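Here the structure comes first, spelled out in structure tokens, and everything after it is commentary.
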Amino acid sequence: MKHANVSGNKNESLGRRARGLTRVGGAWGLSVSLAAAAALAQAQAPSASAPAPAPKPADSSFTWNGITLYGIVDIGVQYQTHGVPASDYFPAGTEAIILANSNGSVTAVTPSNLSQSRIGLSGKEPLVGDWSGVFRFETFFNPQSGNISDALKSQVLNNGRPAATQTTNVDSSIAGQYFAGAAYAGFSSPTYGTITFGRHVTPLADGVGKYDALGAANAFSLIGFSGTTAGGGDTEDRRLDQSLKYSGKFDTLHLGALYQFSGSSGTTNTAAQLQVGLEGSGWSIDAYYAKKYDAIATAPLSAAQVQDLANACTAGAPVQCFSPSNSLRATISDNTTYSVMGLFGLGRPTLYGGYEHIKFANPNSPLPPGSLTIGGYVIALPTNTAFTNEKTLQVYWVGVKFAASADLDVMASYYGYHQDSFATGANAGCSDNRSGSCSGRESSFSLLADYRFAKRFDGYLGTFWTDVQDGLAPVGFLNHSTLTTTAGIRFRF
């Protein structure tokens, strides 16, 4: 991890937003250019004496010389029985599941309910044999506000606030990066597979999206909204920078692997994942292993912590000084994950399910104050000793997707978390809510209908219930359950 003294100001924030929007504007500019090129091609029609060419299927994609512009705009209206005010920056807009600060009822316009809103460029250039050069860049944005998606900014904006007055703030792998979704290049062959370098969605996260009946939707899926499962313990690891990724399919066998480099010596901030699976007609199954050193879970600073930072900055002593406008607290751990997931088609219905076992341990290489996490945010107050007793979290889910007609899909899923007690001292072995280290559980159930009005345009309506008990709802939780209902539309190109 990098080490830095950082302070933020309003001008930096405005500059950062302007640069992000300039990137998005440039991508939209390319789409206009591509449309103009298509019009020019149509104008250059053959002469009357030339034989008429055979008709070709209409191509509605924005592809030119092997480069494709693509995107998703997903927006809707949501009602929660227990929630907090929406964020202009958090990728999902609201906290769709029950969290510690979930309070009164909330109605809001919410982004990215079914799919993350994005705009991207991908490319493929033939090289030799069946090998091609490939690349992909994706920018995530919040259509309800026009901002680049930035979950950690939603946390920073809640520094110093008590739970009862907080707005939506949740950790994520999306932290205001220009290309938060993906940024990689490499080589691809149908025979030997694809190998790329850069920022990737991990094989484990790919699996969660594939084997969740609701496609890991932010507004309807516990394992979609919460990146704990896809991130192998911590949501920031759903996507990994400085990584090398491989995937290949060989008849019924498919393989995947990823390695994250630290940019320095040792295992600090490195990661490794392996995937092996089989698939046949209407069925598929995959097993996963993931190891992440120095996984980071961020949270807003308390009022006392903000004051401590202010005191340190005015003490006059040669101490590190961090600005609350760009700083967070964080829990650091080394995580080990095993998972198996599958699906099985039965004609119109398809069954989905999965199980994941995550072990959290204290880090072999503790991170010091001032370490940087994704998006350039500063970890002012790291906790490196949260798991003196190792924590075990088990995740399980089962769901069904039913093709009611050619244009209508109906989905239902159940999700569960079970946390073993990892408390020490007088609380060792506890199973109530006296501490967040006691054993606890979370249960969730979802129903969703998705109707395709056209090839690229669909509408959806669904509801999502979550409930937490015991150690997963420790003292300080304002409520223990919430019901979230969302209706929206999605356009894909």
Side-chain angles (χ1 to χ4, degrees), residues 1-4 6 16 19-20 23 91 116 118 120-123 133-140 148-152 171-188 193-207 227 230-248 255-275 288-298 326 328 330 332-337 363-368 370-379 382:
M1 300 295 292
K2 298 180 181 178
H3 193 75
V6 179
R16 183 179 179 193
R19 290 191 297 271
R23 300 271 183 154
Q116 179 63 49
R118 70 193 73 184
L121 286 173
S122 65
V134 295
F135 78 86
R136 183 179 297 273
F137 298 99
E138 280 187 355
T139 298
F140 287 169
I148 299 297
S149 302
D150 190 342
L152 273 65
D171 195 6
S172 171
S173 63
I174 305 166
Q177 306 97 322
Y178 293 139
F179 303 111
Y184 61 75
F187 305 94
S188 181
T194 299
I195 184 167
T196 50
F197 311 81
R199 173 175 170 81
H200 298 94
V201 177
T202 66
L204 183 63
D206 285 336
D234 289 305
T235 184
E236 290 193 13
D237 301 320
R238 197 172 192 161
R239 298 170 179 86
L240 292 176
D241 298 339
Q242 299 191 62
S243 57
L244 169 67
K245 183 178 180 180
Y246 170 80
S247 61
L255 302 172
L258 177 142
Y259 183 79
Q260 181 186 32
F261 298 87
S262 66
S264 60
S265 60
T267 60
T268 302
N269 198 38
T270 61
Q273 293 194 12
L274 295 173
Q275 169 204 356
Y288 300 85
Y289 165 81
K291 180 69 177 183
K292 180 69 175 82
Y293 293 97
D294 295 296
I296 296 169
T298 57
N326 197 45
L328 295 163
I332 317 301
S333 60
D334 288 350
N335 300 341
T336 306
T337 303
N364 289 336
S365 302
L367 298 184
S371 298
L372 294 184
T373 188
I374 56 173
Y377 289 92
V378 178
I379 302 174

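A quick note: this is a predicted structure, and the numbers were derived from the prediction, not measured.
Nearest heavy-atom pair, Ala295 versus Lys292, reported as atom, atom and distance to 0.1 Å: CB-CG, 4.0 Å. In terms of heavy atoms, Leu367 sits closest to Pro382 at O-CG, 3.4 Å. Across all non-hydrogen atoms, the minimal contact from Pro366 to Asn364 is CD-O, 3.5 Å. The heavy-atom pair separating Ala272 from Tyr259 by the smallest distance is CB-CD1, 4.2 Å. Scanning both residues, Gln177 and Ser173, for their nearest heavy atoms gives NE2-O, 3.3 Å. Heavy atoms only, all atoms of each residue included: Ser333 and Asp234 are closest at OG-OD2, 3.5 Å.
Take Asp241 and apply the side-chain hydrogen bond (donor to acceptor under 3.5 Å, both in side chains) test, not counting sequence neighbours, and it matches Arg199. Under the rule for a salt bridge (Lys or Arg N to Asp or Glu O under 4.0 Å), the partners of Arg118 that lie at least two apart in sequence or sit in another chain are Glu138. A search for ring pair (Phe, Tyr, Trp, His ring centres under 6.0 Å) contacts involving Phe197 returns nothing, not counting sequence neighbours. For Thr196, the side chain to side chain contact (heavy atoms under 4.5 Å, CB included) partners at least two apart in sequence or on another chain are Val134, Tyr184, Thr194, His200, Lys245. Evaluation of the side-chain hydrogen bond (donor to acceptor under 3.5 Å, both in side chains) rule for Asp171 yields Thr298 as partners, not counting sequence neighbours. Residues passing the side chain to side chain contact (heavy atoms under 4.5 Å, CB included) test with Phe135, sequence neighbours excluded: Ile67, Leu121, Phe137, Ala185. Taking the side chain to side chain contact (heavy atoms under 4.5 Å, CB included) definition, one finds that Ala205 meets it with Val201, Thr202, Ala230, Arg238, sequence neighbours left out. With sequence neighbours excluded, no residue forms a ring pair (Phe, Tyr, Trp, His ring centres under 6.0 Å) with Phe187. Ala290 meets the side chain to side chain contact (heavy atoms under 4.5 Å, CB included) test with Leu204, Gln273, Thr337; sequence neighbours excluded. Under the ring pair (Phe, Tyr, Trp, His ring centres under 6.0 Å) criterion, Tyr246 pairs with no residue at all, not counting sequence neighbours. Not counting sequence neighbours, the partners of Thr336 by the side-chain hydrogen bond (donor to acceptor under 3.5 Å, both in side chains) test are Lys291.
Put simply, the side chain of Ser172 gets close to the backbone of Ile174: a donor and an acceptor are under 3.5 Å apart. A donor-acceptor pair is defined here as one N or O able to donate and one able to accept, closer than 3.5 Å; no such pair exists between the side chain of Ser262 and the backbone of Thr267. Under the 3.5 Å distance criterion, the side-chain polar atoms of Asp334 are matched with a main-chain donor or acceptor of Asp294. Judged by distance alone, with hydrogens and angles left aside, the side-chain atoms of Thr270 form no donor-acceptor pair with the main-chain N or O of Phe261 at under 3.5 Å.
The shortest distance between side-chain heavy atoms of Val378 and Leu372 falls below 4.5 Å. Side-chain contact between Tyr377 and Asp150 is present, with at least one heavy-atom pair separated by less than 4.5 Å.
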Could you walk me through whether Leu258 and Leu244 pass the side chain to side chain contact (heavy atoms under 4.5 Å, CB included) check? CA-CA 6 Å; Leu258 177 142; Leu244 169 67; over 6 Å; no

Under the side chain to side chain contact (heavy atoms under 4.5 Å, CB included) rule, what do Ile332 and Ile296 come out as? Steps first, then yes or no, please. CA-CA 5 Å; Ile332 317 301; Ile296 296 169; 3.9 Å; yes

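The CG atom of Asn269 sits 7.5 Å away from the CD atom of Gln242 when rounded to the nearest 0.5 Å.
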